[in-house]
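One structure below.
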There are 2 protein chains.
Amino acid sequence: MKKLTVKQVAKLSGVSVRALHHYDEIGILRPAFLGENGYRYYGEEELLRLQQILIHRELGIALGDIAKLIDAPGFDRLSALRQQRERLAAEAIRFAQLVTTIDRTIASLQGEITMKNAELYRGISPDKQAEYEAWLIDRYGDGVVPEIALSRKTYAQLSADEQQAMQSKLQEIEEGLAEGMRRGLPTGSPSLDPLLHRHREWVAFMWGRPCPPEAYAGLADTYLAHADFVARYEAIAPGFAMYLANSMKVFAHRLE
Amino acid sequence: MKKLTVKQVAKLSGVSVRALHHYDEIGILRPAFLGENGYRYYGEEELLRLQQILIHRELGIALGDIAKLIDAPGFDRLSALRQQRERLAAEAIRFAQLVTTIDRTIASLQGEITMKNAELYRGISPDKQAEYEAWLIDRYGDGVVPEIALSRKTYAQLSADEQQAMQSKLQEIEEGLAEGMRRGLPTGSPSLDPLLHRHREWVAFMWGRPCPPEAYAGLADTYLAHADFVARYEAIAPGFAMYLANSMKVFAHRLE
DNA sequence: CTTGACCCTCACGCAACGTGAGGGCGCAAG
DNA sequence: CTTGCGCCCTCACGTTGCGTGAGGGTCAAG
């Protein structure tokens, strides 16, 4: 195909020429080649790569981390697109949730309902990067933690032993909850609280920031929205994904 | 109600203590009062204001502009919430659109369909602030332009006469298109192209950046998603909102 | 050749905080 | 009273992702 200049790519994609320069500088999106005149020229491969970059940016991922993801060994574009699809679907759900929050706020201001303070912020994502990383960590929680997760200061500062301990801790919590399910404890049973309390602390630690109740409830939605999570929890015990998510939500509700 | 400290607000809302400090510094969210100990204490009013701030942030609005919006004379919280609701609903639609873009990319990579380059970026919002401002400008296009729009460099640099000219230009374009509709020209009629061409240039000028075809098509969706827009176009002529949006989409499609 | 659009590199500056330093406050336990 | 811990404060450096403008070269059309 005919190679495109920065202006043409900018028009196609909506990003600025300056941004394309910047992406070249930091090495995240190199032009296909440089002309004798010093001009940058882009091709089909670059356009596809740019798409990946922009969708990640849309999801709030830092450029440095985007590069790591795209350049990871074994990167598979189709697989990446499917992952991104999941995330985008979750974002759509989250915005729908924000609409609900506003509806409830309006009803509250008009005296029709009573709304707790924490509900004001339900659906607001304080940090998409942290959420994404939590997602990744959870996804690879069986010990295969991508390098991106290691960039997280809190986690990165742990020794290998400590990191292993975190993984074991999660496993322990999940196994405990699964056992509760096997024994027929209903979601919302107070006897699950200690485990959920530990789980929420685990999440907050991984996030390096507080995990307020509504964020914890939101995380439960995230779990259910991601096929990877569902599959992983179902592997622990059939029906566990829904059981865990419901438990988290009820627990979160009780905290508010 | 009991006043809350920064840690408590942070936990409720998910923002950091540092951010709350920052918001106080820049005057966008003042605490209800300062204790004798120098501590910040927040109340119900501050929590509601913070909600407004965070939703605007969620929609990509700069903090400085958020302050202007919230502190505008005649600010009405219920009205603001309804506006935000519209925007959030549109964002949910946009993310759903991104999902479609990915599905099509996957199909394209698997050789099932043919995809044009510009389609790769359909649904990606290069600049939410610009989009929001375009929305505001369009909303107040009858001459009542909020101060936020004046902060836009390109527009701000125009003289009052020139700004008036821009408003007249839009009116002229819209009237021309409405006339086309009244004469029974179908959407997609080539005779509408000059007007649509001028319209798209108008949008790009207002945006201060290019308006690629898919962004133009996306703008049409934005128009239909906002009750204010629909009402405004219907006021020009019954059925005009849909006619304009369809014309824009067909025109955009032809440009790709 | 001139003009206008587009290309380049260079570099300052900004927004929105994150992070750490250094130190005070409040409460409960010893 | 002392200590320890969690939380509060201000101060200030630094990061990320560009926007913007300066100064100058390239290309195509008139």
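By convention in this document, chain letters (A, B, ...) are assigned in the order of the sequence lines, proteins followed by strands, and residues within each chain are numbered from 1. Since the model is a prediction, treat every value here as computed from it, not as a measurement.
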Between atom [atom1] in [X] and atom [atom2] in [N], what is the gap in whole Å?
{"X": "A/His22", "N": "D/dT16", "atom1": "NE2", "atom2": "C1'", "result": "7 Å"}
{"X": "B/Tyr42", "N": "D/dC8", "atom1": "OH", "atom2": "P", "result": "10 Å"}
{"X": "A/Leu34", "N": "C/dT9", "atom1": "CG", "atom2": "P", "result": "8 Å"}
{"X": "B/Glu36", "N": "C/dC25", "atom1": "CD", "atom2": "C1'", "result": "12 Å"}
{"X": "B/Ile66", "N": "C/dA16", "atom1": "CD1", "atom2": "P", "result": "8 Å"}
{"X": "B/Ile28", "N": "C/dC17", "atom1": "CD1", "atom2": "P", "result": "9 Å"}
{"X": "A/Ile53", "N": "D/dT16", "atom1": "CD1", "atom2": "C1'", "result": "16 Å"}
{"X": "B/Tyr23", "N": "D/dT10", "atom1": "OH", "atom2": "P", "result": "17 Å"}

>> Looking at B/Glu46 and B/Arg49, is any side-chain nitrogen of the basic one under 4.0 Å from a carboxylate oxygen of the acidic one?
In response: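 Not counted as a salt bridge, because no side-chain N and carboxylate O are separated by less than 4.0 Å.
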Check whether any side-chain N or O of [X] sits under 4.0 Å from OP1 or OP2 of [N], and answer yes or no.
{"X": "A/Arg40", "N": "C/dT9", "value": "yes"}
{"X": "B/Ser16", "N": "C/dC17", "value": "no"}
{"X": "A/Asn37", "N": "D/dG25", "value": "no"}
{"X": "A/Arg57", "N": "D/dC18", "value": "yes"}
{"X": "B/His21", "N": "C/dC17", "value": "no"}
{"X": "B/Thr5", "N": "D/dC8", "value": "yes"}

> For the residue pair B/Phe95 and A/Phe95, does the interplanar ring angle fall in the parallel (under 30°), tilted (30 to 60°) or perpendicular (over 60°) class?
Replying inline: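 Plane angle under 30°, so parallel.
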>> Between B/Gln84 and B/Gln52, do the side chains contain a donor N or O and an acceptor N or O under 3.5 Å apart?
In response: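 On atom types as modelled, these side chains qualify, holding a pair under 3.5 Å.
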>> Testing the 3.5 Å rule here: is there a donor-acceptor pair between the side chains of A/Gln97 and A/Thr100?
In response: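 Their side chains do not contain a donor-acceptor pair, so the 3.5 Å distance test is not met.
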> Applying ring pair (Phe, Tyr, Trp, His ring centres under 6.0 Å), which residue pairs with at least one partner in residues 4-23 of chain B are found, sequence neighbours left out?
Replying inline: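 Every candidate ring pair (Phe, Tyr, Trp, His ring centres under 6.0 Å) pair involving residues 4-23 of chain B fails, so no pair, neighbours aside, qualifies.
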> What about B/Tyr39, does its side chain sit under 3.5 Å from the base of C/dG24 through a donor-acceptor pair?
Replying inline: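 Result: at least one qualifying N/O pair found.
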> Which sits closer to the 5' end of DNA chain C, B/Ala19 or A/Val6, going by the nucleotide each is nearest to?
Replying inline: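 Residue closer to the 5' terminus by nearest nucleotide: A/Val6.
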> Between B/Gln8 and B/Arg18, which has a closest nucleotide on DNA chain D that is more 5'?
Replying inline: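 Comparing both residues, the 5'-ward one is B/Gln8.
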